[in-house]
There are 2 protein chains.
Amino acid sequence: MNTGKRLAHRPVDQAKQDAILASARDEFFEYGFESASIERIAAAANVSKVTIYNHFQNKENLFSAMVGSECRIMRGNLPEMSDEEMPLRTELVNFAQAMMEFLSSPDIIRFDRRMAAEVERHPELGELFLNAGPRLMQKMLIEMLACEMEKGKLAKANPQEAAAHLFGSVKGFADVEWRFSDPKKAAASVTTASLEAAIDRFLLAYST
Amino acid sequence: MNTGKRLAHRPVDQAKQDAILASARDEFFEYGFESASIERIAAAANVSKVTIYNHFQNKENLFSAMVGSECRIMRGNLPEMSDEEMPLRTELVNFAQAMMEFLSSPDIIRFDRRMAAEVERHPELGELFLNAGPRLMQKMLIEMLACEMEKGKLAKANPQEAAAHLFGSVKGFADVEWRFSDPKKAAASVTTASLEAAIDRFLLAYST
DNA sequence: GTTTAATTAAACGCTACCGTCCAATAAGTG
DNA sequence: CACTTATTGGACGGTAGCGTTTAATTAAAC
């Protein structure tokens, strides 16, 4: 009796799978879904085209798998709340800083730019992305603010709204510039000072 | 002697030019630059392929011309400040409302989604878009707030920063949802109440 | 060493599009 | 009318990619 494993076979080469997904990411992000070439992906991954088709059936599946994989990675890299007790302002500044650094990183911007276009043809991947990134960050922020309201450090208010105000104020016009201009130039425009100014205005608006 | 006009010729059919640009917009926005088909554009515009090449030389030029044309249109549709005197809060709410309606319109979202992707390959078009839309709106807001600060209705502060805070607070998380989820669903989430809440917090943070 | 499945290289038929060329026609001006 | 230019349809060579097939090779399990 065997335990469900097939008995004699050559196992899948996991390294190749990873290489395929990585090449697929580069190719799809560079050219977009429609004009990405599976043959280039295969070549870049040092893999036969047939191997790709064996595992992913077609372009759609490969793209979905790639996006899923990238979402998992992004999820793991999300900025986290620190556990230590610290003054509210410090806590907010730290979070805002981590958030802006994350959002302005080249990988995220590339992901953002390309996914925005592909969502029209792949709506379900838009939801996947939202749930793996933006909505998670939103939830973290909401809980954090709700907690501070509970503790009386912030005026009682709708934490969902407060999170939107904080998040939005900190971003300001920056994200638009990131998306449509040279990210390097745009990223430089976010200074610690401008970030702290946003936090301070927020604290003023939500002071007890 | 003639005035620079050539004397005997068949004039360009302007209606055809417009049809070409309109079809180009639909095609490029639907498929992206790389996999848009000039032959489909020609067919959709009821025009011969040669006519397109006569006027736009190649795909790049056609794309640029289309984006330029769309930017001109967008510029004309930007929400404007009303001239009438009215209470500050009313003024801000009106502007915010117009802004959100503009930003969440299907045309703008489509434009935004596609341009984000194409900017990597056409950086100059990103600048064109920024200057025709976002940066203009930013400038309007800055001037408006600077003016109110001058009048003493708002606390003296950096108007550039204040504009970022106002703009960001009003948008909140909405634009992310617009871009990656079904715009119809997402647009519904922006209520007058949430909009007024943002304005009121802003007024609190910048009260004199 | 035998068996089984993973992987490969090469080629195939098919479809699509780019950018160009040509000969024919249409629509205005003088 | 004659003239000039815009526009057309069709065809062309060249490139490129998809998804499939085939026959051969490889790597592990037994």
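Quick note on labels: first sequence line is chain A, next is B, and so on, each numbered from 1.
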* Round to the nearest Å and state the distance from B:Phe33 atom CZ to C:dC18 atom C1'. => 11 Å
* Structure fact -> Quick note, A:His55 side chain, CB onward, closest among C:dT7, C:dC18, D:dT8 is C:dT7
* Asked: Can the ring centres of A:His165 and A:Phe202 be said to be less than 6.0 Å apart?
  -> no
* How about A:Glu127 and B:Ser181: does a side-chain donor come under 3.5 Å of a side-chain acceptor? -> yes
* Give the rounded distance in Å between these two atoms: CG of B:Asn46 and C1' of D:dA6. => 16 Å
* With a 4.0 Å cut-off on heavy atoms, is B:Ala43 in touch with a base, just the backbone sugar-phosphate, or nothing at all? -> nothing
* Asked: Can a salt bridge be assigned to the pair A:Glu30 and A:Arg114 using a cut-off of 4.0 Å between side-chain N and carboxylate O?
  -> no
* Asked: Taking atom P of C:dA9 as reference, at what distance in whole Å does atom CG of A:Asn54 sit?
  -> 14 Å
* So is B:Arg40 actually on top of B:Tyr31's ring, under 6.0 Å and inside 45° of the axis? -> yes
* Asked: In whole angstroms, how far is the C1' atom of C:dG19 from the CG atom of B:Asn58?
  -> 10 Å
* Which whole-number value in Å describes the distance from A:Ile52 CD1 to C:dA9 P? -> 12 Å
* Asked: Would you say the side chain of B:Lys49 and the base of D:dG9 hold a donor-acceptor pair, judged only by whether the two atoms sit under 3.5 Å apart?
  -> no
* Structure fact -> Taking for B:Gln14 and for B:Glu39 the nucleotide of DNA chain D with the nearest heavy atom, the one nearer the 5' end belongs to B:Gln14
* C:dT8, C:dC18, C:dT7: which one has an atom nearest the side-chain heavy atoms of A:Val47? -> C:dT8
* Between D:dG17, D:dT7, D:dG10, which nucleotide has the shortest distance from any of its atoms to the side chain of B:Val50? -> D:dG10
* Would you say a side-chain N or O of A:Thr51 is under 4.0 Å from OP1 or OP2 of C:dT8? -> yes
* **Short N-O contact, B:Arg25 and B:Asp107, less than 4.0 angstrom** => no
* Separation of D:dA16 C1' from A:Glu27 CD (nearest whole Å) -> 13 Å
* Relative to the 5' end of DNA chain C, which residue comes earlier, B:Pro11 or B:Ser35, by the nucleotide with the nearest heavy atom? -> B:Ser35
* Between D:dG19, D:dT8, C:dT7, which one does the side chain of A:Asp13 approach most closely? -> C:dT7
* Structure fact -> Rounded to whole Å, CD of A:Glu34 lies from P of C:dT15 at a distance of 18 Å
* Among D:dG19, C:dT20, C:dT8, find the nucleotide with the atom closest to the side chain of B:Tyr53. => C:dT20
* How long is the line joining CD1 of B:Ile41 and P of C:dA16, in whole Å? -> 17 Å
* Among D:dG19, C:dG19, C:dT7, find the nucleotide with the atom closest to the side chain of A:Lys59. => D:dG19
* To do: When you get a sec, tell me which of D:dC18, D:dT7, C:dA9 is the closest nucleotide to the side chain of B:Gln17?
  => D:dT7
* Asked: What's the closest nucleotide to the A:Arg40 side chain, out of C:dC17, D:dT8, D:dG17?
  -> D:dG17
* Looking across every strand, which nucleic acid part, if any, lies under 4.0 Å from B:Ala42 by heavy atom: base, sugar-phosphate, or nothing? -> nothing
* To do: Evaluate the ring planes of A:Phe167 and B:Phe173, with Trp represented by its six-membered ring, and classify them as parallel (under 30°), tilted (30 to 60°) or perpendicular (over 60°).
  => parallel
